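Right, one structure below, let's go through it.
Treat the numbers as computed from the prediction; the structure is a model and nothing was measured. Reminder, nothing fancy here: chain letters follow the sequence lines and each chain counts from 1.
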Amino acid sequence: VIFTEPRFVVFLIVCFVVHWGLRHSSARKIWLLGCSYAFYAAWDWRFLGLIVLSTAIDYIAALVVDHSGSRMSRRVALVGSIAANLAILGFFKYFHFFQDSAIVLLTTLGIPAEPTTLSIILPVGISFYTFQSISYTVDVHRGKLRSTWNVLDVALFVGFFPQLVAGPIVRAAHFLPQLRRPRTLDRVDVRAALMLLLIGFVKKACIADAVAPFVDEYFANHGAYDALSAWMAVFLFALQLYCDFSGYSDMAIATARLLGYELGPNFNFPYFATSVADYWRRWHISMSSWFRDYVYIPLGGNRSGHITMLRNLALTTFLAGLWHGAAWTFALWGLLHGASLLAYHTTRRFCRIPDAAGRVLTPLFIVLTFTWGSLVRIFFRANSIEDAWLITRACVLFENLGDRRLERGLIGVFALLAVVHWVSYRGWLHRWWAPLPSWLFAFLYGCLVALAFAFMNDHAQPFIYFQF
Amino acid sequence: MSRVLRSAALICIALAGYSLAAWLMRGTLPPKQLTAFEYKLGHAAAVKPPIDVVFVGSSRVNRQISPRTFDATTAALGRPTRSFNLGVDGMRGLEVHHAVGRLLGEMRTPPRYVVFQINSLDVIPSPGTVGTNRFVDWHDPGTTALALRTLVQADVGTVTKAHAAAAHLRAAAARHGAWGRGCTWLRRTIRPAHNAEAFLAARLGPAGDGFMSYDDELAGATGGRRATILAMRERFLSNAPYYPGRVAALAEAVRQPPDGGLGVQVIAAVVERIEAAGSVPIVVIDPGLETGDAARAAAARGVAPHVLVFNDPAAYPRFFELDVRFDQHHLNESGAIAYSRSIARAFVERVPASGAKR
């Protein structure tokens with residue numbers, strides 16, 4: 001089930017009506033858990049066991065960590081939880097990657113090696129729910145929250161369907177307290193949730209899915225296109241990825257809100273970031289903050305001097321890159337971001353721009369950050385490092401690899417969307433619907449839904465982040 | 001309770017807004033795809049003098065009935081006609097129902113006779129067709145209701161029925177809401193489609209009457225399309241040793257009482273649509289290797305007033321000879337000419353002249 005499919009609308013309506021129709025909080029939670037598992041089973045019921053296993057591991061581990069008197073047993077429970085979750089993730093997501101990499105390395109060293117042929121399917125959302133699960137035990141160990149005996153709460157925290165398959169990665173400290181307090185429909189801002197749901201739908205179905213064929217065509221045949229097409233494809237992919245993932249996040253957040261839960265933001269106008277560091281505070285916030293809190297800071301963060309900070313940054317971005325996909329292109333993408341963060345922090349250490357000049361130069365910084373991010377993202381999208389290198393060369397050296405041209409009309413579409421995004425960033429459209437009377441809001445909402453459906457792409461594409 | 005009523009009222013208002021905007025969208029945004037059917041219908045509606053016999057159906061009509069031959073034969077028999085072939089490859093029973101509705105609604109002067117052929121129904125849509133523009137296009141309210149009514153009686157499991165019903169309802173909603181039309185329009189603006197008009201013009205066939213035999217198409221086809229047509233032919237030729245046995249089995253089967261199944265209901269609905277417009281419905285059973293049970297049952301039950309049967313090998317042995325066949329389902333050019341003459345003769349002999357409104 002994809003959020004933009006009509007059957008999801010039916011699923012959500014049934015889920016919403018029954019959820020708020022039930023009187024008892026426990027009954028609602030049981031219903032939501034059932035819906036979540038059914039939602040996941042619609043992909044592949046066989047992998048439900050993995051979610052249950054991950055839930056069980058962290059439910060028990062957190063209880064041991066919280067209640068055991070022995071420091072050793074607490075430590076064992078913590079390490080066991082992390083190791084088990086990473087083992088699940090490692091096997092299903094990275095087995096072939098590590099095996100293939102090892103074979104290449106051994107062959108290079110002159111040691112013959114034969115690959116094991118295992119047919120492993122990547123369970124959808126595994127990177128998200130394993131990280132979420134790990135955060136629970138770690139937070140209990142850090143004393144940020146107490147463990148809960150209520151297995152239903154833990155299961156719903158891990159399996160809550162709006163964020164199950166592609167985040168946002170929710171922290172236990174943020175979500176479990178919400179589960180403890182009974183929800184009421186009166187507290188739900190239905191209008192805001194419905195508008196966010198529609199905005200997410202438009203981003204995904206009307207923009208990302210419409211741009212996707214052009215981007216796919218370029219990246220599949222980049223050798224046939226001219227240099228301007230390379231730039232166009234790079235910027236269009238930036239547009240596609242943002243609309244795809246932030247659209248999904250908007251819909252996930254809105255769905256959770258309709259059911260009475262807050263997931264927290266995942267994007268904050270990342271393409272208006274003025275630096276690479278600012279970008280990572282705005283893009284996929286739940287993931288970048290997870291890596292900051294559970295990888296970068298435990299490694300020492302910036303507490304042990306500049307060189308150690310740079311090492312920690314490089315390691316964290318490398319792992320963040322690899323988290324996205326089991327391929328060296330993703331690792332390289334992470335490392336390039338790491339390198340740009342290193343350059344940023346080092347420059348900032350030695351060169352401080354006065355505030356007045358900074359304000360004047362802000363548009364330039366925004367353009368530079370966006371362009372750099374888009375160029376680096378070539379490694380995220382390209383099929384191989386060689387392809388990524390060729391496309392980067394075509395862009396940077398303005399090299400025509402062929403004479404085909406992507407339709408130039410796309411530049412106009414891109415410019416129009418950039419203006420809409422800027423207007424939204426300025427807050428000029430913020431809650432424009434709030435003062436409207438209910439009947440007028442309902443009428444306009446119906447009209448907007450019809451407009452969105454008319455401009456959606458026919459062929460719903462899976463969300464890009466589902467593959468992670 | 002008041003909250004429930006208030007919510008219900010707001011939902012109704014939202015639906016009204018949706019319907020209004022969808023109606024505006026349908027009226028302003030161009031169709032996603034100019035299909036062969038749309039193109040042929042536009043041509044048929046525009047030609048003068050008006051057409052009075054229209055053939056509707058799948059490739060069994062499109063590839064086998066030559067209006068030029070039909071008109072020449074009826075003229076020679078003293079009852080001149082002006083006919084047009086509105087057949088489109090792959091048109092199933094429910095789509096015929098929609099096509100007939102469009103035909104009768106969009107032609108300024110409804111044809112006096114509508115000759116149609118129905119082989120299969122598409123009540124349980126095949127995965128390959130669900131979601132296609134064409135599948136969405138034929139889900140007008142009447143045809144969708146017919147599909148659901150027929151589906152209820154289908155002899156399949158509940159889950160299959162539910163899936164099929166969901167596919168039909170989704171297509172009807174997509175058609176009603178003009179889903180995706182805006183996106184397609186934008187895409188076309190950015191990247192104009194090449195040669196669509198020329199491709200569709202070729203669908204009218206060499207005589208411009210809507211008929212195009214596989215031999216005609218093969219003569220001009222290139223690339224993948226040529227390979228597909230040749231593969232159909234090759235498949236038939238490689239199975240040729242079994243062909244006489246199948247023809248003998250058919251000759252035996254058409255002697256048995258027909259088991260009409262759900263097709264009778266669809267034929268009845270098509271007949272009703274045609275008669276409501278004041279035209280005369282004629283069902284034709286083509287000389288393929290199928291028994292045409294639905295049409296035969298419709299004839300036996302008096303559902304269809306005129307059923308022209310050509311699939312009896314004993315009565316029409318010539319149509320089942322290898323030299324006039326392109327494959328087991330279709331006649332070749334010379335077979336189609338002979339078949340068109342036979343239809344014309346049966347038409348003159350068995351269908352009374354109609355003075356329906358002109």
Side-chain angles (χ1 to χ4, degrees), chain A residues 4-11 13 16-17 20-21 185-186 190-191 194 198 202 205-214 217 232 236 405-414 416-417 436-460, chain B residues 3-4 6-33 130-137 162-163 165-194:
Chain A
T4 49
E5 285 182 300
R7 59 183 173 155
F8 176 73
V9 177
V10 176
F11 173 80
I13 290 170
F16 177 85
V17 171
W20 292 115
L185 184 55
D186 293 331
V190 176
R191 277 195 201 191
L194 288 176
L198 184 61
V202 169
C206 304
I207 303 174
D209 286 359
V211 166
F214 297 100
E217 188 177 301
M232 284 173 65
L236 285 174
R405 297 148 52 111
L406 275 183
E407 283 67 18
R408 301 301 194 232
L410 288 165
I411 297 172
V413 175
F414 184 85
L416 180 70
L417 290 171
L436 299 176
S438 299
W439 67 269
L440 186 56
F441 174 81
F443 183 80
L444 285 178
Y445 193 78
C447 293
L448 289 174
V449 168
L451 198 64
F453 281 9
F455 279 84
M456 72 178 172
N457 195 325
D458 281 341
H459 305 291
Chain B
R3 176 195 260 184
V4 173
R6 192 168 170 275
S7 303
L10 289 174
I11 289 168
C12 289
I13 293 171
L15 287 174
Y18 175 86
S19 295
L20 178 69
W23 176 76
L24 286 172
M25 229 72 76
R26 271 203 314 279
T28 50
L29 293 168
K32 278 199 271 192
Q33 192 185 346
V130 173
T132 59
N133 290 334
R134 188 167 158 182
F135 184 73
V136 168
D137 279 348
H163 272 113
H168 288 302
L169 288 172
R170 188 191 185 285
R175 185 180 188 274
H176 169 76
W179 292 1
R181 273 203 202 178
C183 182
T184 310
W185 167 71
L186 262 178
R187 199 183 307 129
R188 291 253 175 78
T189 308
I190 293 168
R191 178 188 285 177
H194 299 296

One should read off an interatomic distance between A/Leu444 CG and B/Ile13 CD1, to the nearest 0.5 angstrom, of 11.0 Å

Within residues 165-173 of chain B, the residues sitting under 4.5 Å from chain A by heavy atom, in sequence order, are B/Arg170

Interface check, chain A: of B/Arg187, B/Arg181, B/Lys32, most non-hydrogen pairs under 4.5 Å belong to B/Lys32

Applying a strict 4.5 Å limit to non-hydrogen atoms, the region of A/Val413 in contact with chain B is side chain

| field | Within 6.0 Å of CZ in A/Arg408, more than 12 heavy atoms from elsewhere | value | yes

So, the part of B/Thr184 with a heavy atom under 4.5 Å from chain A: the answer is side chain

Heavy-atom nearest pair, B/Cys183 first then A/Asn457, reads SG-CA, 3.8 Å

The interface call for A/Cys206 against chain B, heavy-atom contacts under 4.5 Å, is neither

Bottom line for B/Ile11: the part with an atom under 4.5 Å from chain A's heavy atoms is neither

(Q) Are B/Trp185 and A/Phe455 packed together at the side-chain level, in the sense that at least one heavy-atom pair is separated by less than 4.5 angstrom? (A) yes

message: Less than 4.5 Å apart, side chain to side chain, heavy atoms only: is that true for A/Phe443 and B/Leu20?
response: yes

In short, B/Ala21 meets A/Ala450 closest at the heavy-atom pair CB-CB, 3.5 Å

The interface call for B/Leu15 against chain A, heavy-atom contacts under 4.5 Å, is neither

